[in-house]
Amino acid sequence: MKLYNALTKKVEDFKPSVAPEVRLYSCGPTVYDYPHIGNWRSFVFVDTLRRALESNSFSVKHVMNITDVGHLTSDADEGQDKLEAGAEREGKSVWDVAKHYTDVFIQGAQALNLLSPNAYSGPIGPYARATDFIAEQVNLIKLLMDKGFAYKIKQAIYFDVSKLPSYGELSGQKLTDKAVGAREDVVTDAKKRNPQDFALWFFRVGRFADHEMRWPSPWGEGFPGWHLECSAIAHATLGDPLDIHTGGVDHIGTHHPNEMAQTEAAFGHRLANFWLHNEFVLVDGQKMSKSLGNFITLDSVVKKDYDPLALRLLFLQAHYRSQLNFTWEALSAAQNFLKRLQAWADLKFQPNLGHKKKAADVYKPLLDKIVSEIQDDLNTPQALSELSKLSELSEHEGVDSEKIQPLLEGVDKIFGLKLASRKDVNQSIKEWISQRQKARDSQDWSRADKLRQQLMKHGIGINDTPHGPVWSRI
RNA sequence: GGCACCGUGGCCGAGGAAUUAGGCAAAGGUCUGCAAAACCUUUUUACGCGGGUGUAAAUCCCGUCGGUGCCUCCA
């Protein structure tokens, strides 16, 4: 199996440290607002990665965190905790805000048919909340303090990046370049030893005096910095070095180097052997942002009558390392493609159609091709083109309902489009279809058309073929 | 200023030196009592522009124009 590794900037042969087990950690959402489709793309990417690994007989242990504390709106002095900002905006407590958006996230994950993380179980199920790992984070700071990698000043405990020579390896940029090149309006804490030093623990002083979320620590009451949770949770749940760590490309510069630094400094080994990053979704050629008003949520997609799985399919039609330019037209195209695939899957309920001579031996090579494309650095677009050929083949040759089911299951394992679990139409629909056919046989066209209209009302379209009527959901 | 990436037919997008994805849309046609949401066919000088190296370039190199991202919270 081949994967692009951001550490080496090359596509490499992926091997976990203890096969067949793969320990996979993914940066999850910060639950302070509705996730946009760019966020969802990164979670669909992780899901695809997991399915690809599993298709290669790896047994994946997956952990995803949920950031519900400590994520500041900026590193500057006026930076605010995102959760606190959300609470202020909505007039709720931070805990309510976190709970609300956690629920929103979990519902969205289900709608997109994302596999739940499976290597941790906590108060809210399979997702690891930062606030459920405060003790682990405090312990990590202790280690860093003992080893001289962290220092305390009035406002916070900082990680001293100058103490770790390997700092910033991933970003491929020199510290000096970064320091010089940063935009003028970025204000950093003047008391930090180095501009890149990042907070491990914030004290309840100054701008954080009224911070609602707070815990005791050996150094004083406060709350953890954002980067800390990933190192602590990964260490506590999966153990490091991880086989794979994922996140968005935006983390290459700051968040991931900081995670790496914490783990390397505290435990003396790297955090992960493979680092995979997904590219952004652009909207009309630009990054999504609230100020541009091009912030698209899953909710707005559903409100426009799109199937969340159409969004999933749209994501899969582009490579995860390419920027994807979202347009509603492209989403419509994906939705139409999805409907065609669903109609194809529904043929399994209508096995009386066409010939049945082609069997699993024809499907198998195509399914194998799909799997091999997916294992080639997750080439989902290429794999989907094979799927398209596969569905055409079946449509032409007729469908053997016995043999198509395993095929659909194989396809679902890769793409997660829920083709195998589709339900047959109910008994009354079947009855109407057969009554309509009887009416047609006796040339009672008005009754036949009435029944067809009735079926249409229930979302069922009828196509009369030489082999009899074929229904499809419309 | 520094670091990357990208410009592919109406739209979305793979590929990446000779065989040239796929989806959607569009056009024509077929079966049919009617119908299409069904089927078939077509869309085979598509690779930003200008040079260069190759027997051969969309694919490599140089330049150029344009776009995007990161360097600040960010998927």
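In this text the structure is predicted, and so the values were computed from the model without any measurement. Each chain gets a letter, A, B and so on, in the order the sequences are listed, and its residues count up from 1.
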May I ask you to say what [X] touches in the nucleic acid, namely base, sugar-phosphate or nothing, with a heavy-atom cut-off under 4.0 Å?
| X | value |
| --- | --- |
| Arg440(A) | base |
| Ser385(A) | base |
| Gly247(A) | sugar-phosphate |
| Leu282(A) | sugar-phosphate |
| Asn336(A) | sugar-phosphate |
| Arg436(A) | base |

Can you tell me how far [atom2] of [N] sits from [atom1] of [X], to the nearest Å?
| X | N | atom1 | atom2 | answer |
| --- | --- | --- | --- | --- |
| Phe280(A) | rC6(B) | CZ | P | 16 Å |
| His251(A) | rU72(B) | NE2 | P | 15 Å |
| Asn258(A) | rC70(B) | CG | C1' | 14 Å |
| Asp250(A) | rG69(B) | CG | C1' | 9 Å |
| Gln323(A) | rC5(B) | CD | C1' | 7 Å |
| Phe326(A) | rC11(B) | CZ | C1' | 13 Å |
| Leu324(A) | rC24(B) | CG | C1' | 14 Å |
| Leu378(A) | rG15(B) | CG | P | 12 Å |

Any [X] side-chain N or O less than 4.0 Å from OP1/OP2 of [N]:
| X | N | value |
| --- | --- | --- |
| Arg340(A) | rC24(B) | yes |
| Ser322(A) | rG13(B) | no |
| Thr465(A) | rA38(B) | no |

Using only heavy-atom distances, determine whether the side chains of [X] and [Y] contain a donor-acceptor pair under 3.5 Å.
| X | Y | result |
| --- | --- | --- |
| Arg340(A) | Ser391(A) | yes |
| Glu259(A) | His245(A) | yes |
| Asn194(A) | Asp197(A) | yes |

Distance between [atom1] atoms of [N] and [M] (Å, rounded):
| N | M | atom1 | result |
| --- | --- | --- | --- |
| rA38(B) | rC47(B) | C1' | 34 Å |
| rG69(B) | rA17(B) | P | 29 Å |
| rG29(B) | rA35(B) | C1' | 16 Å |
| rC12(B) | rU55(B) | C1' | 36 Å |
| rC71(B) | rU64(B) | P | 27 Å |
| rA25(B) | rC11(B) | P | 15 Å |
| rA18(B) | rG10(B) | P | 25 Å |
| rG33(B) | rA27(B) | P | 26 Å |

With the side chain of [X] defined as its heavy atoms from C-beta on, choose the nearest nucleotide among [options].
| X | options | result |
| --- | --- | --- |
| Lys287(A) | rU32(B), rC70(B), rG22(B) | rC70(B) |
| Thr327(A) | rG33(B), rA14(B), rC12(B) | rC12(B) |
| Thr254(A) | rA37(B), rC71(B), rA14(B) | rC71(B) |
| Gln286(A) | rC73(B), rA14(B), rU68(B) | rU68(B) |
| Gln317(A) | rG23(B), rC12(B), rA37(B) | rG23(B) |

Could you please name the partner base of [N], counting Watson-Crick and G-U wobble pairs only when both distances are under 3.5 Å?
| N | result |
| --- | --- |
| rG16(B) | none |
| rA46(B) | none |
| rC34(B) | none |
| rG69(B) | rC3(B) |
| rU59(B) | none |
| rC39(B) | rG29(B) |

* Asked: Counting only distance, no hydrogens or angles, is the base of rC39(B) paired donor-acceptor with the side chain of Asn463(A) under 3.5 Å?
  ->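 Checked by distance alone, the answer is no.
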* To do: Answer yes or no: side-chain N or O of Arg452(A) and base N or O of rC34(B) forming a donor-acceptor pair under 3.5 Å.
  =>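 Per atom types, the contact qualifies.
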* Ring-face cation of Lys2(A) near Phe14(A) (centre distance under 6.0 Å, axis angle within 45°) ->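 Ring-cation test returns no.
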* Is the charged tip of Arg41(A) near the ring of Phe280(A): under 6.0 Å from the six-membered ring centre and within 45° of its axis? ->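 Negative - Arg41(A) is either too far from the ring of Phe280(A) or too far off its axis.
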* Asked: Relative to the 5' end of RNA chain B, which residue comes earlier, Val281(A) or Glu329(A), by the nucleotide with the nearest heavy atom?
  ->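 Closest to the 5' end, via its nearest nucleotide, is Glu329(A).
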* Nearest nucleotide by nearest heavy atom, which residue falls closer to the 5' end of RNA chain B, Ser472(A) or Cys27(A)? ->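 Nearer the 5' end of the strand: Ser472(A).
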* To do: Would you say whether Phe337(A) stacks on rG23(B)? The test is a distance between ring centres of less than 5.5 Å and an angle between planes of less than 30°.
  =>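 Taking the rule of under 5.5 Å and under 30°, the ring of Phe337(A) does not stack on rG23(B).
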* To do: Any chance you could lay out the salt bridge (Lys or Arg N to Asp or Glu O under 4.0 Å) test for Asp449(A) and Arg452(A), step after step, and finish with the verdict?
  => CA-CA 5 Å; Asp449(A) 287 348; Arg452(A) 182 161 65 191; 3.7 Å; yes
* **Syn or anti conformation of rG50(B), syn meaning chi within 90° of 0** =>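 Nucleotide rG50(B) adopts anti.
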* Ala52(A) to Gln375(A) - nearest heavy-atom pair and separation ->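 Nearest heavy atoms, Ala52(A) then Gln375(A): O-NE2, 4.0 Å.
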* **Check: Arg312(A) and Asp47(A) side chains under 4.5 Å, non-hydrogen atoms** =>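 The answer is yes, as the side chains (C-beta and beyond) meet within the 4.5 Å cut-off.
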* From Asn39(A), Asn294(A), Leu282(A), residue fulfilling side chain to side chain contact (heavy atoms under 4.5 Å, CB included) relative to Met288(A) ->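 Answer after filtering Asn39(A), Asn294(A), Leu282(A): Asn294(A).
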